[in-house]
Participant: 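Supplied in structure tokens, the structure appears directly below.
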Amino acid sequence: MHLRPSALTRPGRLLSVIGLGLVVLGSPIPGLAQAQQSGPAGSDAAEAADAHLAATADENFNDPFENTNRKIFDFNQDVDRIILVPVAKGYRAVLPAPVRDSLHDFLRNLDEPIIFANDVLQARPDLASKTFARFMINTTIGIGGLFDVATHLKVPFHDNDLGITFAVWGIRSGPYIILPILGPSTVRDAIGQGADNFGDPGNIIASNYNVLWATFARAGVDGIDTRSRNIESLADIERTSLDYYATIRSLYRQRRAAEIRHEPTSVPNLSPVGGGGTASPPPPISYTVAPGHPPAEAPYK
Amino acid sequence: MMRRRFTAAAVVLAAALAVGAPRGMAAPDPAAFISTLGSQAIQVLGPSVPPQQRLARFRQLFHDDFDVPNIGRFVLGRYWRIASPQEQQEFLRLFQEYIVQAYSARLGEYGGEPFKVTGTRDSDGETVVTSEIIRQDGNPVMVDWYLIDRGGSLKITDVYVGGISMKVTERDEFAAVIQRNGGQVEALLEQLRRKVGAAGD
């Protein structure tokens, strides 16, 4: 049933920038290489297949680095408790909801170009045209993206990213990993996230004009915005779980599987990788695991 | 003339049997069933309902309308077979209470929001009723209900909220708990007892 893991892990693109830095620094790289070699044998490509496998075979968690992952997970929870949640609460207390909503819409509008690129890479003209329309409408009528007019015009947001594109191309997820600060991911999704940030037009422009701080500010606010929308839902999941780590791992996998199928979902962002939103096409009929697409909109009060 | 009339009557009769037989004996219309149940559940989750009452109502709903024994078996996965009959019985009892407590909290955010059934489809002998909850920000949350006909009454076998299966989520979690405790089902039972007991049983 639902769940709302969104916040935990999506501290946002800022974090993704940091994540990219880590990748560049080489820390994850040894793990990556190893991970790819040791991928489970099998022919399935996309996450849908992964999810099906996971759903039918018991305990296929695809988590060979679990011990390390759990340590990083604990560290992330400390950071979350000590820094992120207090900041997110302050943010919610200080700014009125309409202002936060506009900021949210603005940040999301900045993501549309990279979403559009991924829609195209996945050969989905249906999605690409919606993203294009949204960006044009919201950037103009919506005053630079401050208002999500497109959703009111029945062109709702859908997310997309390079991790999904890779999956659509048949690349397997590789092992589940927990990134410092960024949270749940997989080898494939982490690489996709780094590349998305690298290729983001906004970030490129910022770097060309030597205003790198803008990229960090965007990521930081994005992370706070996301976290502020998931405080209660994640707390509920943590409080009611027997094993929070295992629950998040399951939610992440199911959520990603749904995103890859471009089903509308409502699961909060568990990961920094996914944004939130709703996609459109009708869900395929598959029983075992038919996750929908997680919109990231968490409840916010 | 006579003969034609007879034929017509036979056709009508046959049609009545064909349509009527399943309807008569069988469970109510799945869409109507979920429409009623979903609306009630969301109402119960609303902010105006005191927590104790919400829990009691949820408990009753889960007990009456969910296919608890089969969900329990699925959720315990391969450990169901290695569990003793006593462990199985205790698991079913604890697991039910655990689901009730966990999900009444986790779904609380949807309380009081508009709910509507959007369609039905078949899936492996089960009927899937699709529905959506409209969030305040205008984004719908898709909720899919998997139903099976058990002796004339409909039972829910799984619920997907926003693409996340309750059954799969719990199976993954329980398997992790058992795995990390040397494959002992008793370890899971112990954790469930503690969790469930904390809120009073």
Side-chain angles (χ1 to χ4, degrees), chain A residues 1-5 51 54-55 58-59 61 63 66 101 104 148 151-152 156-157 232-233 235-237 239-247 249-251 253-255 257-259 261 263-268 276-278 283 285-295 297-301, chain B residues 76-79 98-99 101-111 113 119 121-126 128 130 132-133 135-144 146 157-180 188 191-192 194-195 199:
Chain A
M1 270 183 183
H2 139 126
L3 325 215
R4 273 161 166 278
D58 285 354
E59 300 149 36
F61 298 140
D63 188 5
E66 179 167 350
D101 287 348
H104 175 75
D148 185 357
T151 292
H152 293 290
F157 177 78
E232 288 75 19
S233 44
D236 282 339
I237 293 171
R239 182 172 56 79
T240 55
S241 293
L242 295 180
D243 184 337
Y244 188 43
Y245 174 89
T247 300
R249 182 174 58 191
S250 177
L251 296 177
R253 190 184 57 213
Q254 293 186 66
R255 179 182 196 270
E259 288 184 314
R261 282 196 295 273
E263 289 171 24
T265 55
S266 67
V267 183
T278 358
I285 300 166
S286 82
Y287 173 45
T288 4
V289 163
H293 188 127
E297 275 7 301
Y300 41 102
K301 325 196 159 168
Chain B
L76 203 51
R78 68 185 176 90
Y79 299 107
Y98 171 73
I99 294 285
Q101 291 180 10
Y103 287 82
S104 60
R106 294 181 194 182
L107 300 177
E109 70 186 81
Y110 301 120
E113 300 194 323
R121 64 171 196 265
D122 285 330
S123 171
D124 268 349
E126 298 193 357
V128 183
T130 55
E132 58 183 40
I133 296 170
R135 307 305 312 272
Q136 275 171 353
D137 60 9
N139 286 316
V141 175
M142 309 300 179
V143 183
D144 288 359
Y146 285 74
T157 61
D158 198 6
V159 181
Y160 279 80
V161 180
I164 303 290
S165 156
M166 176 184 77
K167 236 162 64 162
V168 171
T169 304
E170 294 317 319
R171 190 208 44 212
D172 288 351
E173 181 183 31
F174 291 172
V177 170
I178 294 173
Q179 256 182 19
R180 290 177 62 77
L188 172 64
Q191 288 203 26
L192 282 172
R194 228 178 297 148
K195 199 74 175 179

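The model shown is predicted, which means the values in this text are computed figures rather than measured ones. Side-chain atoms are counted along with the backbone in the values below, which use heavy atoms only and exclude waters and symmetry mates. A, B, ... follow the sequence lines: proteins, then strands. Residue 1 opens every chain.
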Participant: Are any non-hydrogen side-chain atoms of A:Arg249 and B:Asp172 less than 4.5 angstrom apart?
Facilitator: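 Not touching, per the 4.5 Å side-chain cut-off.
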Participant: Look at the side chain of B:Glu173 and the backbone N and O of A:Asp243, then say whether any donor-acceptor pair between them is shorter than 3.5 Å.
Facilitator: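 Between the backbone of A:Asp243 and the side chain of B:Glu173 there is a qualifying donor-acceptor contact (under 3.5 Å).
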Participant: Find the distance between OG (A:Ser250) and CZ (B:Phe174) and round it off to the nearest 0.5 Å.
Facilitator: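 If I round to the nearest 0.5 Å, the distance is 11.5 Å.
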Participant: Taking all non-hydrogen atoms of both residues into account, name the closest pair between A:Arg239 and B:Lys195 and its distance.
Facilitator: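 Closest approach of A:Arg239 to B:Lys195, heavy atoms only: O-NZ, 2.7 Å.
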Participant: Is there side-chain contact between B:Gln101 and A:Thr240, with heavy atoms separated by less than 4.5 Å?
Facilitator: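 No, too far: nothing below the 4.5 Å cut-off.
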Participant: Would you say that A:Gln254 contacts B:Ser165 through its side chain, given a criterion of any heavy-atom pair below 4.5 Å between the two side chains?
Facilitator: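 The answer is yes; the side chains approach within 4.5 Å.
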Participant: Would you mind telling me which of A:Asp236, A:Leu242, A:Asp148 has the largest number of heavy-atom pairs within less than 4.5 Å of chain B?
Facilitator: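 Most heavy-atom pairs under 4.5 Å with chain B: A:Leu242.
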Participant: Can you measure from CZ (B:Arg106) to OG (A:Ser241) and round to the nearest 0.5 angstrom?
Facilitator: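 These two atoms lie 4.5 Å from each other.
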